[in-house]
Peer 1: 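Dropping a structure here in structure tokens format, bear with me for questions.
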Amino acid sequence: MKLHLKIINLDKEYFNGEVDLLNINTSAGELTILANHLPIITNIKVSHMYTINDKETTDYAIAGGTLFVNEEECKIITNAIESADEINEERANASKIRAEERINESSETIDMARAEASLKRAINRLSLLKK
């Protein structure tokens, strides 16, 4: 039996289809979601996640969000998600450098929480490429 998975980011519906399983890091811990999983709502950490469908694994970098699971489907709502194939390494490195510069600048006009979150997302994307 397959799990119906919907992934919605800010721009569009990123994915809508069937998978064998979803593995994701949440505030409740690392979860593997299969069809007929108990209902759950939890926050997603900035992390890697993966799906397996017909023995094929797809890895993603996800920038946090919310996971909703009910009897019918699993839904992820996130600000950003990219598969390993979609990550532009040059752009991710540039984001990391910009975030590090902002943090090192440490002036009153810099939103440190935002800069640190940006750095964490860039490192997450880059680490998926090295996996």
Side-chain angles (χ1 to χ4, degrees):
M1 181 171 223
K2 299 276 188 169
L3 170 69
H4 186 80
L5 175 63
K6 275 188 188 177
I7 303 173
I8 301 163
N9 68 14
L10 292 178
D11 299 331
K12 62 185 180 304
E13 186 174 84
Y14 178 81
F15 179 87
N16 186 352
E18 306 292 319
V19 297
D20 293 321
L21 70 83
L22 164 70
N23 183 276
I24 192 163
N25 289 300
T26 72
S27 58
E30 184 175 351
L31 300 176
T32 298
I33 309 293
L34 302 167
N36 298 319
H37 192 282
L38 289 174
I40 187 172
I41 299 173
T42 188
N43 292 324
I44 301 165
K45 294 180 178 181
V46 173
S47 59
H48 300 165
M49 64 172 243
Y50 65 87
T51 59
I52 297 178
N53 193 34
D54 298 329
K55 298 182 183 176
E56 185 176 322
T57 301
T58 306
D59 294 299
Y60 300 90
I62 187 164
T66 306
L67 172 71
F68 301 89
V69 180
N70 64 30
E71 298 82 16
E72 298 164 9
E73 70 180 358
C74 175
K75 188 183 296 182
I76 294 171
I77 299 177
T78 182
N79 289 334
I81 185 169
E82 292 175 287
S83 70
D85 296 338
E86 296 171 321
I87 295 172
N88 179 317
E89 187 171 9
E90 188 176 306
R91 198 176 95 219
N93 272 319
S95 293
K96 179 179 178 271
I97 290 166
R98 267 194 319 277
E100 289 170 337
E101 287 171 351
R102 285 188 194 124
I103 290 168
N104 291 333
E105 205 175 293
S106 72
S107 75
E108 291 180 20
T109 60
I110 301 295
D111 182 344
M112 274 306 190
R114 189 171 167 202
E116 288 169 355
S118 179
L119 179 59
K120 189 173 185 178
R121 288 190 305 270
I123 290 170
N124 183 51
R125 291 166 61 218
L126 290 168
S127 69
L128 183 60
L129 293 177
K130 292 176 175 57
K131 191 174 175 186

Peer 1: For Glu30 and Asn23, which I'm curious about, is there any donor-acceptor pair between the side chains at under 3.5 Å?
Peer 2: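 Indeed, the side chains of Glu30 and Asn23 share at least one donor-acceptor pair under 3.5 Å.
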Peer 1: Going through the distances and angles, do Glu18 and Asp54 end up as a side chain to side chain contact (heavy atoms under 4.5 Å, CB included)?
Peer 2: CA-CA 10 Å; Glu18 306 292 319; Asp54 298 329; over 6 Å; no
Peer 1: Looking only at non-hydrogen atoms, find the nearest pair between Ser127 and Asn124 and report the distance.
Peer 2: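 Smallest heavy-atom distance, with atoms named: OG-O, 2.9 Å.
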Peer 1: Who passes side chain to side chain donor-acceptor pair (under 3.5 Å) against Ser27, sequence neighbours left out?
Peer 2: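 By the side chain to side chain donor-acceptor pair (under 3.5 Å) rule, Ser27 matches Thr42.
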Peer 1: Can you give me the closest heavy-atom contact between Glu86 and Glu82, atom names plus distance?
Peer 2: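 Taking every non-hydrogen atom into account, OE1-CA, 3.4 Å.
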Peer 1: Is it true that the side chains of Asn25 and His48 contain a donor and an acceptor less than 3.5 Å apart?
Peer 2: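 The criterion, which ignores hydrogens and geometry beyond distance, is not satisfied for His48 and Asn25.
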Peer 1: Would you sort out whether Arg91 and Arg125 count as a side chain to side chain contact (heavy atoms under 4.5 Å, CB included), showing the intermediate values?
Peer 2: CA-CA 10 Å; Arg91 198 176 95 219; Arg125 291 166 61 218; 3.3 Å; yes
Peer 1: Any link between Ile97 and Leu128 through a network of hydrophobic side chains (Ile, Leu, Val, Met, Phe, Trp, Tyr) touching at under 4.5 Å?
Peer 2: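 No: no chain of side-chain contacts under 4.5 Å links Ile97 to Leu128.
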Peer 1: What's the spacing between Met1 CE and Asn36 CG if we round to 0.5 Å?
Peer 2: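 Here the rounded value is 5.0 Å.
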Peer 1: For the atom pair NZ (Lys130) and CD (Glu89), what is the distance rounded to the nearest 0.5 Å?
Peer 2: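 One gets 5.5 Å once the value is rounded to the nearest 0.5 Å.
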Peer 1: Test question: given the 4.5 Å side-chain rule for I, L, V, M, F, W and Y, name all other residues clustered with Ile44, or answer none.
Peer 2: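 So far as hydrophobic clustering goes, Ile44 is joined with Leu3, Leu5, Ile7, Tyr14, Phe15, Val19, Leu22, Ile24, Leu31, Ile33, Ile40, Met49, Tyr60, Ile62, Leu67, Val69, Ile76, Ile81.
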Peer 1: Please indicate whether Glu56 has more than 12 foreign heavy atoms, meaning atoms of other residues, nucleotides or ligands, lying under 6.0 Å from its CD.
Peer 2: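 No, not enclosed.
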Peer 1: If you group Ile, Leu, Val, Met, Phe, Trp and Tyr whenever their side-chain heavy atoms sit less than 4.5 Å apart, what else falls in with Tyr50?
Peer 2: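 Traced through the cluster, Tyr50 reaches Leu21, Leu34, Ile52.
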Peer 1: Report the distance from atom OG1 of Thr66 to atom CD1 of Ile8, rounding to the nearest 0.5 Å.
Peer 2: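 CD1 of Ile8 is found 11.0 Å from OG1 of Thr66.
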Peer 1: Does Leu119 reach the side chain of Lys96, with side-chain heavy atoms less than 4.5 Å apart?
Peer 2: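 With C-beta onward as the side chain, the pair touches.
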Peer 1: For the residue pair Ile87 and Ala92, what are the closest heavy atoms and their distance?
Peer 2: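 Looks like CG2-CB, 4.5 Å.
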Peer 1: Which heavy atom of Ala115 sits nearest a heavy atom of Ile103, and at what distance?
Peer 2: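 Looks like CB-CG1, 3.8 Å.
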Peer 1: Measure the shortest side-chain to side-chain distance between His4 and Glu72 over non-hydrogen atoms and say whether it is less than 4.5 angstrom.
Peer 2: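 In short, these two side chains do not touch, never coming nearer than 4.5 Å.
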Peer 1: Return the CD1 to CG distance between Ile77 and Leu10, rounded to the nearest 0.5 Å.
Peer 2: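 Rounded to the nearest 0.5 Å, the CD1-CG separation comes out at 10.0 Å.
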Peer 1: Taking all non-hydrogen atoms of both residues into account, name the closest pair between Ser118 and Ser95 and its distance.
Peer 2: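 Looks like OG-O, 4.5 Å.
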